[in-house]
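All values reported here derive from a predicted model rather than from experimental measurement.
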Amino acid sequence: MVLVEALVALSAAGGSAVVQAAGTDAWTAMRTGVARLLGRGETTREQGELERLDRTQSVLEAATADEIEQVRVAQAAAWSSRLEMLLEELPEAQRQQAATELRALVDQTVTDAGRPVHNDFRGSTFEKSAVQGSGTQHNTFN
């Protein structure tokens, strides 16, 4: 029973991490990692998961301020369910490997999504240049 509860908790953390990563610097790694995990080595399945993840990001970006929390909860639940089904269906050895991969993705996403962006442009010129970042941005011009 403890194993099942641990897998459910890990799946929930994974679903939340997908939503948390969308629109941040952590998105690319999360998107690729989740697609690889759910695709389990099948290119077609992995591509389908990438498309689902892209739709998730689009839905989150399109949500209004009034609906964003509800959309976040729904998307996190959907990804949690997908991850939980994967972990339940795998044989024990593969389940342990997938759980380890998912745990690493969650940990990395929590770290990356909360990391401030730091840009240091020493001696640069900014003629016709654009600088983009997300999170807290500290610019130093020397």
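Judged by distance alone, the side chain of E67 and the main-chain N or O of T64 form a donor-acceptor pair under 3.5 Å.
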(message) Using side chain to side chain contact (heavy atoms under 4.5 Å, CB included), reason through V18 and W27 one step at a time and then give a plain yes or no.
(response) CA-CA 8 Å; V18 167; W27 179 245; 4.1 Å; yes
(message) Using the rule given for side chain to side chain contact (heavy atoms under 4.5 Å, CB included), can you reason through E84 versus L87, listing the C-alpha separation, both sets of side-chain angles and the distance that settles it, and then say yes or no?
(response) CA-CA 5 Å; E84 185 178 342; L87 294 174; 5.9 Å; no
(request) I would like to know whether L38 and R45 meet side chain to side chain contact (heavy atoms under 4.5 Å, CB included); could you show each step before the answer? (result) CA-CA 8 Å; L38 290 168; R45 285 180 62 185; 5.6 Å; no
(request) Might you work through the side chain to side chain contact (heavy atoms under 4.5 Å, CB included) test for T24 and T109, ending with a clear yes or no? (result) CA-CA 9 Å; T24 71; T109 298; 5.9 Å; no
Taking only distance into account, with no hydrogens and no angle test, what donor-acceptor pairs under 3.5 Å do side-chain atoms of residues 71-79 form with protein atoms, sequence neighbours excluded?
{"from": "Q75", "atom 1": "OE1", "to": "T56", "atom 2": "OG1", "distance (Å)": "2.9"}
{"from": "W79", "atom 1": "NE1", "to": "T56", "atom 2": "OG1", "distance (Å)": "2.8"}

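Residues passing the salt bridge (charged side-chain N to carboxylate O under 4.0 Å, His left out) test with R36: none are found, sequence neighbours excluded. Residues satisfying the side-chain hydrogen bond (donor to acceptor under 3.5 Å, both in side chains) test with E89, not counting sequence neighbours, are none. Judged as a salt bridge (charged side-chain N to carboxylate O under 4.0 Å, His left out), and not counting sequence neighbours, the contacts of E49 are R52, R82. Partners of E61 according to the side-chain hydrogen bond (donor to acceptor under 3.5 Å, both in side chains) rule, which considers only residues two or more places apart in sequence or in another chain, are Q57. Partners of Q97 by side-chain hydrogen bond (donor to acceptor under 3.5 Å, both in side chains), not counting sequence neighbours, listed by chain and number: E101.
Considering all non-hydrogen atoms of both residues, G14 and L102 come closest at CA-CD1, 4.0 Å. Minimum interatomic distance between A35 and L50 (heavy atoms only, all atoms of both residues): CB-CD2, 3.4 Å. Contact detail for R95 and L90: the closest heavy-atom pair is NH2-O, 2.9 Å. The heavy-atom pair separating L10 from A99 by the smallest distance is CD2-O, 3.5 Å. Taking every heavy atom of both residues into account, L105 and A29 meet most closely at CD2-O, 3.8 Å.
Exactly one residue among L83, L86, V106 makes a side-chain contact (heavy atoms from CB on, under 4.5 Å) with S11. That residue is L83.
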